[in-house]
Engineer: 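Structure below; questions to follow.
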Amino acid sequence: MDYEKLADLILPEIDKTIEDYEAIYPKRELKEGAVVTRFAPSPTGFLHIGGLFSALISERTAHQSGGKFILRIEDTDKKREVENGIEKILEGLCEFGIKIDEGVVAEDEEIGNYGPYTQSKRGAIYGAFAKELVKKGLAYPCFCTEEEIAGIRQNQESQKLLPGYYGEFAKCRNLSYEQIEENVKKGMPFVLRLKSPGNAERKVSFKDGIRGKIEMPENIVDVVILKSDKIPTYHFAHVVDDYLMGTTYVIRGDEWISSVPIHLQLFYCLGLKPPKYAHIAPIMKEDGGGKRKISKRKDPEAAVSFYTEEGFPVDGVMEYLLNLANYNFEDFKRANKNAHWTEFKLEMSKMSNSGGLFDMVKLNDICKNVIASMTKEKVYEKAVEWAKMFDEELYGLLTRDKAYSTEMFGFDRNPEKPRKDIAKWSQVRESFSYMFDEIKQNGFEYPENIDKADMKVIAQKYKEIYDENDDKDSWFNKFKDLAVQIGFAREVKEYKANPENYKGHVGDISSVIRVAVTGRMKSPDLHGVLKTLGKEKVLKRIDEFIESL
RNA sequence: GGCUCUAUCGUCUAAUGGUUAGGACACGGCCCUCUCAAGGCCGGAAUAGGGGUUCGAAUCCCCUUAGAGUCACCA
């Protein structure tokens, strides 16, 4: 058959060749060891935590090598597309500090010399590569209907054969030029299939960056490369795009691992050199004893917006992801307390090759540490940023008196042993509610071991000796003096040694004042709380407390 | 079902033929302490099962079991 003629028959509108495009997109000049990676999501909804993970791995791999990180949009399936899909992805990446060197940077904006980076705008390019395949006799039009394909499949299943369009089942493989021409002239829809040169007896092997050597049977299926609307399938688009864009390292989810033989074959048929591959395990979720891939539909925590809404610090989420990626990230953090996560050298070989469970508890811990290591000014800034978006009332309260709020975030924030209580900004409201009359809950959590009469005495007497200017030592000495005055032990130890001699101890004095002022039994450093609250609030609250008794 | 991958404390994992199988999170106890948090110390907790190979196996091989992925004109 005259394949040149066939190519012109089925792809008449294509007038450029692979060489033409190679001239438009020349080979990149990269320094030794520099890697080009890409993140290539479909705009089918919000950015998934697994997507962020994969983007992070790709971005790190590129940037720590001095290479480039590309964002490509794979919008070849219009049915699944979602409104603002691109924007949502961009927003998510930006939020978490993933920097894009090339590709789509806004709904209708791209940067870089290897574009367009949106697959729906690359039709002619795929056409050229497909036409080349037809000319080589390595691709052919297939006119089979959905029903026919289903029939073939059923037949194969009943015979327990490999399902798919291949070998003797590939009817359209052997169509003559005349038959094809007739079908085309009749306007019959067709797809373009690869005429697979594979042999199931032979193996292909490749070295995966994470899993090492993987060996699989060659692909023998005549996969579709161009759908009936001339839009490429993922397989074909991947090969064409990553070749032309100069991707040197394809990092993607491990659901692609079993299609590698197809991709390798496509590169081979086109006479192109394939990139390196690394397939990362998905993030899993515990589900009734078993585990399953974290799911967009069922799990709210699958969306990255969940983390921003909850107010997990961005760096905490990234550190958690890095921790999931490389076990030695923890060691790195221990050795470099104040280092930013971008200073960590991610190693592909240290990636786990089975999917780990997403551990919200661990995320919490990491986020607590991240917040604990911030200055009070930073905490203020971040908390305000979050509140502005998600808690208007809190935003108003925090910004009403910046100095006050900043002091509040400074409670127990000493550099050696920083207080670790909040993991996310949404906890600020509850944790610091007592600092604001507007959100302070009513009522008091009375200590159980102290008589109400004693509480009253303590509160009244404390009012008399309270001086908002006391430093911490003299402030606490007043508690001790007061304790002794009313038959409580000056030191907790004295009380423990002879409990029968005392009604209580100095700790009980502070408990009463703590409850009077904050309403609760637990609080950070009481001296700091009183000082920040200020004389007016303190006295008013003590009065309210006395009245409540 | 075919193909591929995986299997170490509850969880994430370290130990690439020789370790009392290590760490982190979580959990429990003690200490410190005006409460809480933090911190310090201590503790319980694992090589899926069965066969080999070897002086020696978590590690290599085989089988079993379990889980994951994939087998579209979806990505």
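Chain letters run A, B, ... following the sequence lines, proteins first, then strands; residues in each count from 1.
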Engineer: Starting at OH of A/Tyr277 and ending at P of B/U4, how long is that distance when rounded to a whole Å?
Structural biologist: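 Taking atom P of B/U4 as the reference, OH of A/Tyr277 is at 19 Å.
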Engineer: Taking everything shown except A/Lys276 itself, do over 12 heavy atoms lie less than 6.0 Å from its NZ?
Structural biologist: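 Not buried by this count: 12 neighbours or fewer within 6.0 Å.
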Engineer: How is A/Met216 classified with respect to the nucleic acid when contacts are heavy atoms under 4.0 Å: base, sugar-phosphate, or nothing?
Structural biologist: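 Sugar-phosphate contact only - A/Met216 comes under 4.0 Å of backbone atoms but never of a base.
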Engineer: May I ask you to verify whether the side chain of A/Arg514 and the base of B/C36 hold a donor-acceptor pair under 3.5 Å?
Structural biologist: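 Answer is no: no donor-acceptor pair is held.
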Engineer: B/U11 and B/A46: how far apart are their P atoms, nearest whole angstrom?
Structural biologist: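 Rounded to whole Å, the distance is 12 Å.
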Engineer: Does A/Val221 reach a base, just sugar-phosphate, or nothing at all? Heavy atoms under 4.0 Å.
Structural biologist: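 Counting heavy atoms under 4.0 Å across all strands, no contact is made by A/Val221.
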Engineer: What residues from residues 322-337 of chain A pass a heavy-atom cutoff of under 4.0 Å to RNA chain B?
Structural biologist: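 When residues 322-337 of chain A is checked for heavy atoms under 4.0 Å from RNA chain B, the hits, listed by number, are A/Tyr327, A/Glu330, A/Arg334.
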Engineer: Counting only side-chain heavy atoms from C-beta out, which of B/U35, B/C34, B/C74 sits nearest to A/Lys522?
Structural biologist: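 The listed nucleotide nearest to A/Lys522's side chain is B/U35.
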Engineer: Do other residues, nucleotides or ligands put more than 12 heavy atoms under 6.0 Å from A/Gln154 CD?
Structural biologist: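 Counting other residues, nucleotides and ligands, CD of A/Gln154 stays at 12 neighbours or fewer.
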Engineer: Using a 4.0 Å heavy-atom cut-off, does A/Ser352 contact any base of the nucleic acid, only the sugar-phosphate backbone, or nothing at all?
Structural biologist: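 Result for A/Ser352 = sugar-phosphate.
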Engineer: So, does the side chain of A/Ser511 form a donor-acceptor pair with the base of B/C34 at under 3.5 Å?
Structural biologist: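 In this structure, the two groups form no donor-acceptor pair.
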Engineer: Measure the acute angle between the ring planes of A/Phe206 and A/His279, then classify it against the limits of 30° and 60° as parallel, tilted or perpendicular.
Structural biologist: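 Because their plane-to-plane angle is over 60°, the rings of A/Phe206 and A/His279 count as perpendicular.
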Engineer: Using 30° and 60° as the class boundaries, would you call the ring planes of A/Tyr502 and A/Tyr495 parallel, tilted or perpendicular?
Structural biologist: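 Tilted.
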Engineer: A cation-pi test, strictly: NZ or CZ of A/Arg193 under 6.0 Å from the centre of the six-membered ring of A/Tyr165 and no more than 45 degrees from its axis. Yes or no?
Structural biologist: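 So A/Arg193 does make the cation-pi contact.
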Engineer: Can you tell me how far C1' in B/A58 sits from the matching atom in B/A7, rounded to whole Å?
Structural biologist: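 Between the two C1' atoms, the distance is 11 Å.
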Engineer: On a heavy-atom basis, which atom in A/Glu491 and which in A/His505 lie closest, and how many Å separate them?
Structural biologist: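 Closest heavy-atom pair between A/Glu491 and A/His505: O-CB, 4.3 Å.
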Engineer: Between A/Asp222 (CG) and B/A72 (C1'), how many Å, whole number?
Structural biologist: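 Atom-to-atom, A/Asp222 to B/A72, this comes out as 15 Å.
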Engineer: Using the P atoms only, state how far B/G17 lies from B/C12, rounded to an integer number of Å.
Structural biologist: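 That atom pair is separated by 25 Å.
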Engineer: Pairs under 3.5 angstrom, nitrogen or oxygen only, protein versus nucleotides 39-48 of chain B, please.
Structural biologist:
| unit_1 | atom_1 | unit_2 | atom_2 | d |
| --- | --- | --- | --- | --- |
| B/G39 | OP1 | A/Lys420 | NZ | 3.0 |

Engineer: Does B/C3 have a Watson-Crick or wobble mate here (both distances under 3.5 Å), and if so which one?
Structural biologist: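 With both distances under 3.5 Å, B/C3 matches B/G69.
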Engineer: Examine B/U16: is either OP1 or OP2 under 4.0 Å from a nitrogen or oxygen in the side chain of A/Lys350? Give yes or no.
Structural biologist: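 No.
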Engineer: Looking at A/Phe129, A/Tyr277, A/Tyr243, which hits ring pair (Phe, Tyr, Trp, His ring centres under 6.0 Å) with A/His238?
Structural biologist: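 Option passing the ring pair (Phe, Tyr, Trp, His ring centres under 6.0 Å) with A/His238: A/Tyr277.
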Engineer: How far apart are the closest heavy atoms of A/Ile220 and A/Ala200, and which atoms are they?
Structural biologist: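 Heavy atoms only, the tightest pair is CG2-N, 3.4 Å.
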Engineer: Look at all strands and tell whether A/Arg211 reaches a base, only sugar-phosphate, or nothing, counting heavy atoms closer than 4.0 Å.
Structural biologist: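 Counting heavy atoms under 4.0 Å across all strands, the contact made by A/Arg211 is with sugar-phosphate only.
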Engineer: Parallel, tilted or perpendicular: which fits the ring planes of A/His235 and A/Trp256, with parallel below 30° and perpendicular above 60°?
Structural biologist: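 If you compare the ring of A/His235 with that of A/Trp256, the planes turn out perpendicular.
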Engineer: Look at the aromatic rings of A/Phe344 and A/Phe329 and report parallel, tilted or perpendicular, splitting at 30° and 60°.
Structural biologist: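 Rings of A/Phe344 and A/Phe329: perpendicular, as their planes differ by over 60°.
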Engineer: Is A/Arg413 close enough to B/A38 that one of its side-chain N or O atoms is under 4.0 Å from OP1 or OP2 there?
Structural biologist: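 No, no such contact exists.
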Engineer: Looking at the side chain of A/Lys227, which of B/C74, B/C36, B/C34 is the nearest nucleotide?
Structural biologist: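 Closest of the options to the side chain of A/Lys227: B/C74.
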Engineer: Taking atom P in both B/G49 and B/U59, compute the distance separating them and give it to the nearest angstrom.
Structural biologist: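 Pairwise P distance, B/G49 against B/U59, rounds to 11 Å.
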Engineer: With rounding to the closest Å, how many angstrom separate the C1' atoms on B/U64 and B/U6?
Structural biologist: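 Rounded to whole Å, the distance is 16 Å.
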Engineer: Can you see if the side chain of A/Thr76 gets near the phosphate of B/A75 - specifically, an N or O under 4.0 Å from OP1 or OP2?
Structural biologist: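 For A/Thr76, the contact criterion (side-chain N or O under 4.0 Å from OP1 or OP2 of B/A75) is met.
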Engineer: Check every atom of B/U33, B/C74, B/C34 against the side chain of A/Lys493 and return the nucleotide holding the closest atom.
Structural biologist: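 The answer is B/U33, which lies nearest to the side chain.
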Engineer: What contact category does A/Asp525 fall into here, base, sugar-phosphate, or nothing, at under 4.0 angstrom with non-hydrogen atoms?
Structural biologist: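 If one applies the 4.0 Å heavy-atom cut-off, A/Asp525 turns out to touch a base.
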Engineer: Given that both distances must come in under 3.5 Å, which nucleotide forms a Watson-Crick or G-U wobble pair with B/C25?
Structural biologist: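 By the stated definition (distances under 3.5 Å), B/G10 pairs with B/C25.
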Engineer: Taking pairing as Watson-Crick or G-U wobble with both contacts under 3.5 Å, can you name the mate of B/A45, or confirm there isn't one?
Structural biologist: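 Pairing partner, where one exists within any strand: none, as none qualifies.
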Engineer: Quiz question: going by heavy-atom distance under 3.5 Å, is there a donor-acceptor pair between the base of B/C36 and the side chain of A/Arg520?
Structural biologist: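 No such pair is found, so the answer is no.
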Engineer: Classify the angle between the aromatic ring planes of A/Tyr320 and A/Phe358 as parallel (below 30°), tilted (30 to 60°) or perpendicular (above 60°).
Structural biologist: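 Perpendicular: the ring planes of A/Tyr320 and A/Phe358 meet at over 60°.
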Engineer: When you compare the side chains of A/Ser511 and A/Asp508, does any donor N or O come within less than 3.5 Å of an acceptor on the partner?
Structural biologist: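 A/Ser511 vs A/Asp508: no donor-acceptor pair found between side chains.
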Engineer: Does the structure show a Watson-Crick or G-U wobble partner for B/C55, both distances under 3.5 Å? Name it, or say none.
Structural biologist: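 In the structure as shown, B/C55 has B/G18 as its Watson-Crick or wobble partner.
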Engineer: Out of B/C36, B/C34, B/G69, which nucleotide sits closest to the side chain of A/Val492?
Structural biologist: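 Ranking B/C36, B/C34, B/G69 by closest atom to the A/Val492 side chain puts B/C34 first.
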Engineer: Is it true that the side chains of A/Thr44 and A/Arg80 contain a donor and an acceptor less than 3.5 Å apart?
Structural biologist: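 No, no side-chain donor-acceptor contact under 3.5 Å.
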Engineer: Within the pair A/Ser523 and B/U35, is there a side-chain N or O less than 4.0 Å away from OP1 or OP2?
Structural biologist: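 Answer no for this pair, as no side-chain N or O of A/Ser523 is under 4.0 Å from OP1 or OP2.
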Engineer: Verify the neighbour count for atom CD of A/Glu215: are there more than 12 heavy atoms of other residues, nucleotides or ligands below 6.0 Å?
Structural biologist: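 Yes - once you tally the heavy atoms of other residues, nucleotides and ligands closer than 6.0 Å, there are more than 12.
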Engineer: Please report, rounded to the nearest Å, how far the C1' atom of B/A14 is from the CD atom of A/Glu347.
Structural biologist: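 So the two atoms are 14 Å apart, to the nearest Å.
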Engineer: Over all strands shown, is A/Pro524 touching base, sugar-phosphate only, or nothing at heavy-atom distances under 4.0 angstrom?
Structural biologist: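 Counting heavy atoms under 4.0 Å across all strands, the contact made by A/Pro524 includes a base.
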Engineer: Assign the ring pair A/Phe236 / A/Tyr126 to parallel, tilted or perpendicular, where the plane angle (0 to 90°) is split at 30° and 60°.
Structural biologist: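 Aromatic pair A/Phe236/A/Tyr126 classed tilted.
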Engineer: Tell me which of A/Glu215 and A/Met284 sits closer to the 5' end of RNA chain B, going by the nucleotide each one is nearest to.
Structural biologist: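 First, find each residue's nearest nucleotide; the 5'-ward one identifies A/Glu215.
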Engineer: Using only heavy-atom distances, determine whether the side chains of A/Asp222 and A/Tyr140 contain a donor-acceptor pair under 3.5 Å.
Structural biologist: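 Side-chain D/A pair, A/Asp222 to A/Tyr140: present.
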Engineer: Using the P atom as the point on both nucleotides, what is the distance between B/C31 and B/A68, in whole Å?
Structural biologist: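 About 47 Å, rounded to a whole number of Å.
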Engineer: Looking at the side chain of A/Thr233, which of B/C12, B/C73, B/U4 is the nearest nucleotide?
Structural biologist: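 For the A/Thr233 side chain, the nearest candidate turns out to be B/C73.
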Engineer: Taking the nucleotide of RNA chain B with the closest heavy atom to each, which residue, A/Lys79 or A/Phe358, is nearer the 5' end?
Structural biologist: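 The residue closer to the strand's 5' end, by nearest nucleotide, is A/Phe358.
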Engineer: Measure from the side-chain heavy atoms of A/Pro217 and tell me the nearest of B/C3, B/A37, B/C12.
Structural biologist: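 That would be B/C3.
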Engineer: Using atom C1' in both nucleotides, what's the gap between B/C62 and B/U20 to the nearest angstrom?
Structural biologist: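 Between the two C1' atoms, the distance is 31 Å.
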Engineer: Pick base, sugar-phosphate or nothing for A/Arg193, based on heavy-atom distances below 4.0 Å to the nucleic acid.
Structural biologist: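 It contacts sugar-phosphate atoms only.
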Engineer: Could you work out the separation of B/U70 and B/A75 based on their C1' atoms and round it to a whole Å?
Structural biologist: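 Comparing C1' positions in B/U70 and B/A75 gives a spacing of 13 Å.
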Engineer: Would you classify A/Lys230 as touching base, sugar-phosphate or nothing, given that sugar-phosphate means primed atoms plus P, OP1 and OP2, and contacts are heavy atoms under 4.0 Å?
Structural biologist: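 Nothing: the residue A/Lys230, judged by heavy atoms under 4.0 Å, touches no strand.
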Engineer: Please give, in whole Å, the distance from B/U11 C1' to A/Asp365 CG?
Structural biologist: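 One finds 13 Å between C1' of B/U11 and CG of A/Asp365, rounded.
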Engineer: Using a 4.0 Å heavy-atom cut-off, does A/Val191 contact any base of the nucleic acid, only the sugar-phosphate backbone, or nothing at all?
Structural biologist: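 The residue A/Val191 makes base contact.
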Engineer: Which residues, if any, of residues 250-260 of chain A bring a heavy atom under 4.0 Å of RNA chain B?
Structural biologist: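 Contacting residues: A/Asp254, A/Glu255, A/Trp256, A/Ser258.
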Engineer: Between atom CG in A/Asp421 and atom C1' in B/A37, what is the gap in whole Å?
Structural biologist: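 To the nearest whole Å, that distance equals 6 Å.
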Engineer: Rounded to whole angstroms, how far apart are CZ on A/Phe432 and P on B/A37?
Structural biologist: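 Rounded to whole Å, this separation is 15 Å.
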